[in-house]
Amino acid sequence: MKIKTKLTLGVGLLFILIILLSIVGARYIYALKSDTENILVANYNTLEYSRNMLLALEDGSEKALHKFETNLQYQEKNITEIGENEATIEVRNNFEDYKLNKNDSTVPGEIRKEIFKLMDLNMQAIQRKSEVASVTANKAVLWIGITGTLCFIIAFILLVNLPSNIANPIKELTESIKQIAAKNYSERVHFESHSEFGQLAKSFNTMAEKLEEYNNSNLAKLMMEKKRIETLINNMQDPVIGLDENLEVIFANEVAVKIIGLSQTDIIGHHAQELAVKNDLVRTLIQDLMTGEVENSTKPKPIKIYADNKEGYFERETLHISITPTGEQAKLLIGHVIILRNVTEYKELDFAKTNFIATVSHEFKTPISSIKMSLQLLQNEQIGNLNDEQKNLVDSIKDDANRLLKITGELLNMTQVESGNIQLSILPSDPKEILLYAVNATKTQAEQKQIQLEINCPEKVSKIQADNEKTTWVLINLITNAIRYSYDNSIIFLTIQETANTILFSVKDTGQGISPQYKDKIFDRYFRVPGTKKEGTGLGLAISKEFIEAQGGQIIVDSEFGAGSTFTLTLNKVG
Ligand code: ADP
């Protein structure tokens with residue numbers, strides 16, 4: 001049965017029963033009212049008239065007889081019982097006789113007898129009628145009771161059944177909707193009645209079935225895609241490790257597993273921090289993730305990894321994966337991917353190149369030195385005089401030999417830097433001494449361009465913790481650059497400054513300067529500002545940076561294009 005019909009029937013039945021109860025109640029109350037009214041009007045009044053007539057007869061006066069007459073007339077109009085009429089007529093006849101002959105003593109007796117008869121008749125009638133009223137009252141109680149009980153039973157049945165009839169399916173439906181919302185698409189509802197809920201259940205089950213179907217088809221597709229991506233990652237030659245936002249490993253391809261040296265089950269599902277405790281490589285790989293360094297502008301050095309009985313070099317790249325959830329604006333970090341690019345081959349080639357350069361530069365040094373010695377001998381007048389043309393030729397060969405020696409020196413230093421074998425001998429050194437040595441070495445070059453080297457240095461300077469030879473080399477390189485990239489007749493300012501823990505050397509020129517976009521690049525190996533006309537290798541500043549940083553110092557440049565540059569190097573003081 002439909003809920004609407006059920007409700008209509010239930011409430012309708014109650015309504016009818018209430019009306020029925022009201023009708024039965026009203027009907028019996030009316031019956032009781034007319035019964036009592038009947039007694040009052042028909043019989044009580046006759047008793048009253050009879051009593052008045054008896055009292056008037058007793059009195060016997062004219063006034064009393066008049067009162068008798070009045071009451072008798074009332075009685076004559078109030079004949080209600082069988083035999084009452086006859087008795088009243090008898091009273092009337094006897095009263096008429098009495099009025100004619102008041103001395104006849106038998107008449108009042110007759111009148112009294114008839115009045116008593118009248119009273120008796122009405123008393124009996126009252127008794128009979130009150131019995132009828134009592135029967136009516138009993139009937140009223142009975143019928144009202146029956147109708148009331150019926151109402152109560154029906155109301156009770158409705159009270160017990162109707163709310164649960166409506167609420168139970170709603171409750172079941174709510175539970176099922178919650179299950180569907182929790183992606184449990186196999187959930188169904190089971191109230192298969194013919195009511196509206198039955199139809200609702202049917203529609204709900206159809207919807208759940210379709211959702212399940214859709215979900216399963218999507219799941220299969222997703223599983224397929226997942227497998228495809230997993231296979232792809234597994235077949236990659238480079239190690240790839242995926243971490244979720246909490247740094248728990250979600251995937252690691254076969255190469256990654258091999259180089260880490262743990263089994264797949266020991267890695268996947270474990271927290272990276274937990275793995276880092278027992279594995280050095282994992283510790284190195286997650287270093288920047290642990291420190292929270294999201295972006296690092298300097299390229300990290302290749303990591304040397306020993307796996308599969310051979311040494312390999314890998315460049316690490318950490319990608320931070322973020323998505324914008326549907327309907328939201330802000331990006332959400334969902335994980336990280338660590339890719340290790342195998343650069344062993346390039347590294348091996350690089351080693352070969354460095355070795356080659358080192359060998360060649362080294363081999364060049366001896367012949368160049370002997371060329372220089374021979375040139376010195378040639379210039380010696382004791383051996384023989386050279387004509388002007390020959391002198392010029394010797395000078396130019398000397399210049400070239402010096403340049404060649406500088407280049408081989410730079411290349412040799414570069415091989416030290418590239419192989420990571422910078423040999424340092426750090427000792428307490430006098431900064432002033434270093435600067436003066438560098439100035440001496442570059443003096444002739446400056447003089448050639450009429451450039452003045454102006455030194456600004458405090459009387460007493462603290463010693464620095466530095467490699468004397470390498471720091472001097474760096475300063476010579478900076479001053480040489482300043483001379484090369486400055487105009488003739490200019491001044492180069494060489495300053496030493498002392499701070500709490502460091503000594504600052506600065507080389508300031510008023511030359512062509514460096515445009516801002518190249519300021520960071522000039523420290524890269526083999527980089528030369530495009531358009532630089534002066535000869536050079538582009539190695540000087542790169543080597544300088546490595547030498548100074550290896551000593552725990554710092555080298556920076558401040559330059560205004562067209563106005564000049566200031567190179568500052570900072571080194572730690574002793575103690
Ligand atoms: P190079 O052998 O070319 O001088 P460096 O590494 O010493 O190599 O310098 C790299 C580049 O930086 C130079 O080619 C030059 O363009 C620029 N540079 C270096 N020092 C200065 C300077 N004092 N003023 C202007 N440009 C400079």
Side-chain angles (χ1 to χ4, degrees), residues 298 354 357 361 364 368 399-418 422 435 438-439 441-456 469-496 504-551 553-570:
T298 57
T354 309
I357 293 175
S361 320
F364 273 10
I368 296 168
D399 277 355
D400 284 341
N402 276 337
R403 215 163 47 235
L404 213 55
L405 202 63
K406 184 180 176 265
I407 292 172
T408 43
E410 274 184 1
L411 286 173
L412 255 180
N413 280 335
M414 196 62 225
T415 55
Q416 263 193 47
V417 168
E418 283 192 342
I422 304 173
L435 182 68
V439 169
T442 50
K443 211 162 57 191
T444 331
Q445 276 181 64
E447 279 165 3
Q448 277 168 8
K449 287 182 84 175
Q450 283 91 46
I451 290 175
Q452 200 186 316
L453 298 176
E454 194 179 304
I455 303 169
N456 268 309
E469 198 188 314
K470 295 213 161 44
T471 313
T472 313
W473 188 94
V474 172
L475 270 174
I476 292 175
N477 186 60
L478 293 180
I479 301 170
T480 312
N481 274 351
I483 296 169
R484 285 166 78 203
Y485 301 111
S486 281
Y487 308 108
D488 289 1
N489 298 313
S490 58
I491 307 173
I492 292 172
F493 299 93
L494 305 163
T495 317
I496 292 181
L504 269 67
F505 293 89
S506 58
V507 180
K508 182 176 187 279
D509 64 64
T510 49
Q512 62 196 56
I514 302 157
S515 85
Q517 78 250 42
Y518 302 124
K519 256 184 4 192
D520 290 329
K521 289 206 166 153
I522 54 168
F523 293 103
D524 289 351
R525 284 172 216 171
Y526 305 105
F527 180 82
R528 308 197 70 222
V529 172
T532 306
K533 290 203 178 69
K534 301 273 187 284
E535 285 173 4
T537 55
L539 285 173
L541 288 177
I543 297 167
S544 302
K545 190 169 170 3
E546 296 283 348
F547 277 180
I548 296 301
E549 283 179 359
Q551 296 176 63
Q554 215 189 353
I555 180 163
I556 51 163
V557 62
D558 185 20
S559 180
E560 200 181 321
F561 190 53
S565 321
T566 308
F567 284 85
T568 308
L569 56 102
T570 316

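As a basis for the values below, the full set of heavy atoms in this structure was taken, side chains included, without hydrogen atoms, waters or symmetry mates. Counting convention: from 1, in listed order, for ligands and their atoms alike.
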Ile514 versus Ser559, closest heavy-atom pair with distance:
N-OG, 2.8 Å
Lys406 with Glu410: basic N within carboxylate O range, under 4.0 Å
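Salt bridge between Lys406 and Glu410, a charged N being under 4.0 Å from a carboxylate O: yes.
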Protein contact of [atom] - nearest heavy atom, named by residue and atom, plus distance:
| atom | answer |
| --- | --- |
| atom 17 (C) of ligand 1 | Val529 CG2, 4.0 Å |
| atom 2 (O) of ligand 1 | Thr537 N, 3.1 Å |
| atom 3 (O) of ligand 1 | Arg528 NE, 2.5 Å |
| atom 16 (O) of ligand 1 | Thr532 OG1, 3.0 Å |
| atom 23 (N) of ligand 1 | Asp509 OD2, 3.0 Å |
| atom 7 (O) of ligand 1 | Asn481 ND2, 2.8 Å |
| atom 1 (P) of ligand 1 | Gly538 N, 3.6 Å |

Within the supplied structure, the quantity of interest is the number of heavy atoms (other residues, nucleotides, ligands) at a distance under 6.0 Å from Asn456 CG; does it exceed 12?
yes
Within a radius of less than 6.0 Å around NZ of Lys521, do more than 12 heavy atoms belonging to other residues, nucleotides or ligands occur?
no
Within the side chain of [X], is there an N or O that forms a donor-acceptor pair under 3.5 Å with the backbone of [Y]?
| X | Y | value |
| --- | --- | --- |
| Ser506 | Phe567 | no |
| Ser486 | Asp509 | no |
| Gln551 | Phe547 | yes |
| Lys534 | Tyr485 | no |

Could you check if a side-chain atom of Ile407 sits within less than 4.5 angstrom of a side-chain atom of Phe364, using non-hydrogen atoms only?
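Counting from C-beta outward, Ile407 and Phe364 never come under 4.5 Å.
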CD1/Ile483 to CD1/Ile492 distance, rounded to the nearest 0.5 angstrom?
5.0 Å
Interatomic distance, Thr442 atom OG1 to Asn481 atom CG [nearest 0.5 angstrom]:
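The OG1 atom of Thr442 sits 11.5 Å away from the CG atom of Asn481.
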Using a 4.0 Å cutoff against the non-hydrogen atoms of [X], which atoms of ligand 1 qualify?
| X | value |
| --- | --- |
| Gly536 | 2 (O) |
| Gly513 | 25 (C) |
| Ile522 | 12 (O) |
| Gly540 | 5 (P), 6 (O), 7 (O) |
| Ser565 | 24 (N) |

For ligand 1, which part of Ile514 has a heavy atom less than 4.0 Å away: the side chain, the backbone, both, or neither?
side chain
Decide whether an N or O pair under 3.5 Å exists between [X] and ligand 1.
| X | answer |
| --- | --- |
| Leu541 | yes |
| Glu410 | no |
| Tyr485 | yes |

Answer yes or no for Phe527: is there a heavy-atom contact with ligand 1 below 4.0 Å?
yes
Close approach, Phe567 and ligand 1, non-hydrogen under 4.0 angstrom:
yes
